[in-house]
A.B. asks: 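Provided herewith is a single structure, encoded as structure tokens, for subsequent inquiry.
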Amino acid sequence: MKPVDLYLHNADQVVTCTPRSPGTPRRGSDMASVHMIEHGSVAVEAGVIAAVGPAEDLDGRYAGKRTIDCRGRSLCPGFVDAHTHTVFGGARAAEFEMRIKGASYLEIMAAGGGIVNTVRYTRAATVDELVSSASTRLDEMLALGTTTVEIKTGYGLSAPDELKMLRVIEQLDRDHPCDIVPTFLGAHAVPPEFEGDSEAYTRCVIEKILPEAAAWYQSSRFSDREVPLHVDVFCEDHAFDLAQSRRVLEAGIDAGLKAKMHVDQFNDFGGVAMAMELGAASVDHLDVTGREAIESLARSDTIAVLLPAVNFNLGMADYADGRAMMEAGAVVALATDLNPGSAPCPSMPTVMAIACRYQRFTPAEALNASTINAAFAIGQGDRTGSIEVGKRADILILNEADYRHIPYFFGGNPVHTVIKNGQVLNP
Ligand code: NIG
Ligand code: FE
């Protein structure tokens, strides 16, 4: 018998989300299968998955220093939240009320509220204050099963304030059990000191803020660990047009960053085609993306990251057409977009619940979109997102024997125990 740190014994279902061909996400119709082992066990050694298979095969071979009996429960990979704005100061409950009374998200933004409102609070906050509030959010996300989180800047919008956000993100990665992947979103909105002159601010991002962010990355712990820095832009009315978005992304790519894009949330400017031309890792939102762009997305390796908690929160009737994307053969992921404006939602199970109801994802598709495909969307597909030998032991023990309960019941927490890098966090 081989001794291992942790032995998860005999779960009714081990939902592995292992991709069909190693090193790739699950694409289109492959998303319908989760690669499940019934009555399965998992052995964990030194924070890494050492074995996974039927309990009857593994039981005689591995002896856990700690063993958890998983009968009556299921196991699945820790969720990967591939698009968040987890670091921010303040809150925007007043805008929530304004929207209830009829104002739209873009109207509030055009009137000087929205993102810029959060910029004011974030600039006024210290690194310690931002670390503390974001850490509380990450605790909540982790308890809900999220073990890897992408976090964007974009509420600083000046060189010192964007760098402050990057330092906060780095400290969270150092101190919090969640693994973090950073994204530079200097082109999130036009800050008050550039009001009415998005062109001047675009130049400032390209010539000043981005080079400082890229230099910071080189000496950060992320670069040491080969975790990429992405560059993102909000391509939308009252934010950045297509030409400005292209310049920001190209400058980021020239500086060695990988591209992402907030695109087609309210208006389709042709951003998806441009993002694919630039080899973007992902295109995010895609609420109004047309048929042609969906077809070409399906032929590319760019991942479609859908954020249905936004549509839900903004009370919208229409959602991104995830069904058409999967049917066309695209790689689709889900994320919360956690932020104080469009999506104050820390919960991947809630996002899956919304995707199943309003975008007609099956539970299997929603789970693949929240694990293996989400991991690939942030360059972590070789490290997490599936229960596979050699990957980080980021595993959830679910309350129920049937994983479909994750999106079926909603509003609660389907997670019994979180295992992060092999550590049992809430025994
Ligand atoms: O992804 N759309 C742009 N950015 C965020 C919203 C940020 C905010 O409202 O503070 C989003 O929805
Ligand atoms: Fe976003």
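We count ligands from 1, going down the list as the structure has it; atoms in each ligand are counted the same way.
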A.B. asks: Are there over 12 heavy-atom neighbours, none belonging to Arg123, within less than 6.0 Å of that residue's CZ?
C.D. replies: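 Check passes, neighbour count above 12.
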
A.B. asks: Of all the non-hydrogen atoms in the protein, which one sits nearest to atom 10 (O) of ligand 1, and at what distance?
C.D. replies: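 For atom 10 (O) of ligand 1, the nearest protein heavy atom is Tyr155 OH, 2.6 Å.
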
A.B. asks: If you count the non-hydrogen atoms of other residues, nucleotides and ligands that lie under 6.0 Å from NZ in Lys258, is the total more than 12?
C.D. replies: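 At most 12 heavy atoms, drawn from other residues, nucleotides or ligands, come within 6.0 Å of this atom.
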
A.B. asks: Checking Arg26 side chain against Val34 main chain: does a donor-acceptor pair fall under 3.5 Å?
C.D. replies: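 Looks like no, no N/O pair under 3.5 Å.
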
A.B. asks: Is the number of heavy atoms from other residues, nucleotides or ligands within 6.0 Å of CZ (Phe312) greater than 12?
C.D. replies: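 Counting other residues, nucleotides and ligands, CZ of Phe312 stays at 12 neighbours or fewer.
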
A.B. asks: Which ligand 1 atoms, with their elements, are less than 4.0 angstrom from a heavy-atom of His83?
C.D. replies: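 Every atom of ligand 1 under 4.0 Å from some heavy atom of His83: 1 (O).
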
A.B. asks: If you have a sec, work out which protein heavy atom is nearest atom 12 (O) of ligand 1 and how many Å separate them, to one decimal?
C.D. replies: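 Protein heavy atom at minimum distance: Ser342 OG, 2.6 Å.
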
A.B. asks: Please determine whether the number of non-hydrogen atoms from other residues, nucleotides or ligands lying under 6.0 Å from atom CD of Glu292 exceeds 12.
C.D. replies: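 No, the 6.0 Å shell around CD holds no more than 12 heavy atoms from other groups.
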
A.B. asks: Which residue and atom name correspond to the protein heavy atom nearest atom 4 (N) of ligand 1, and how close is it?
C.D. replies: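 Minimum-distance protein heavy atom for atom 4 (N) of ligand 1 reads His188 NE2, 2.8 Å.
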
A.B. asks: Give the contacting part of Tyr105 toward ligand 1: side chain, backbone, both or neither, where contact means a heavy-atom distance below 4.0 Å.
C.D. replies: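 Side chain only; the backbone of Tyr105 stays clear of ligand 1.
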
A.B. asks: Suppose the criterion is salt bridge (charged side-chain N to carboxylate O under 4.0 Å, His left out): which pairs have a residue in residues 129-146, not counting sequence neighbours?
C.D. replies: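 Passing the test, one end in residues 129-146: no pairs.
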
A.B. asks: Below 4.0 Å from any atom of ligand 1, is there a heavy atom belonging to His285?
C.D. replies: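 Checking ligand 1 against His285, which is what was asked, there is a heavy-atom contact under 4.0 Å.
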
A.B. asks: Could you list the atoms of ligand 1 found under 4.0 angstrom from a heavy atom of Gly341?
C.D. replies: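 In order of numbering, the contacting atoms are 9 (O).
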
A.B. asks: Ignoring hydrogens and angles, tell me if any N or O in the side chain of Asp287 forms a donor-acceptor pair with the backbone of Tyr319 under 3.5 Å.
C.D. replies: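 Not a single qualifying donor-acceptor pair exists.
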
A.B. asks: Can you name the atoms of ligand 1, numbered from 1 with element, that are less than 4.0 Å from a heavy atom of Ile115?
C.D. replies: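 Those of ligand 1 that fall under 4.0 Å from Ile115 are 7 (C), 8 (C), 9 (O), 10 (O).
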
A.B. asks: Compute the shortest N/O to N/O distance between Arg92 and ligand 1 and return yes if it is under 3.5 Å, no if not.
C.D. replies: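 For ligand 1, there is an N or O atom that lies under 3.5 Å from one belonging to Arg92.
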
A.B. asks: Please calculate the NE2(His262)-the Fe ion (ligand 2)-NE2(His83) angle and round it to 10 degrees.
C.D. replies: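 The NE2/NE2 angle about the Fe ion (ligand 2) sits at 90°.
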
A.B. asks: What's the shortest heavy-atom distance between Cys235 and Phe269, and which atoms?
C.D. replies: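 Answer, listing the atom of Cys235 first, then Phe269: SG-CD1, 3.8 Å.
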
A.B. asks: Look at atom 2 (N) of ligand 1 and say which protein heavy atom is nearest, naming residue and atom and giving the distance to 0.1 Å.
C.D. replies: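 The closest one turns out to be Gln265 OE1, 2.9 Å.
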
A.B. asks: Report yes or no: does Asn339 have a heavy atom closer than 4.0 Å to ligand 1?
C.D. replies: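 Yes.
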
A.B. asks: Where does Glu236 meet ligand 1, judged by heavy-atom distances below 4.0 Å: at the side chain, the backbone, both, or neither?
C.D. replies: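 Within the 4.0 Å criterion, Glu236 makes no contact with ligand 1.
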
A.B. asks: Relative to the Fe ion (ligand 2), which of the N, O or S atoms in Asp337 is the closest?
C.D. replies: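 Going by distance to the Fe ion (ligand 2), the closest N, O or S atom in Asp337 is OD1.
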
A.B. asks: Within ligand 1, which atoms have a heavy atom of Asp337 less than 4.0 Å away?
C.D. replies: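 Those of ligand 1 that fall under 4.0 Å from Asp337 are 1 (O), 11 (C), 12 (O).
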
A.B. asks: Can a salt bridge be assigned to the pair Arg247 and Glu199 using a cut-off of 4.0 Å between side-chain N and carboxylate O?
C.D. replies: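 Salt bridge present between Arg247 and Glu199.
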
A.B. asks: Can you sort out the partners of Phe409 under ring-ring contact (aromatic ring centres under 6.0 Å, His included), two or more places apart, ordered by chain and number?
C.D. replies: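 With sequence neighbours excluded, Phe409 shows a ring-ring contact (aromatic ring centres under 6.0 Å, His included) to His405, given in chain and number order.
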
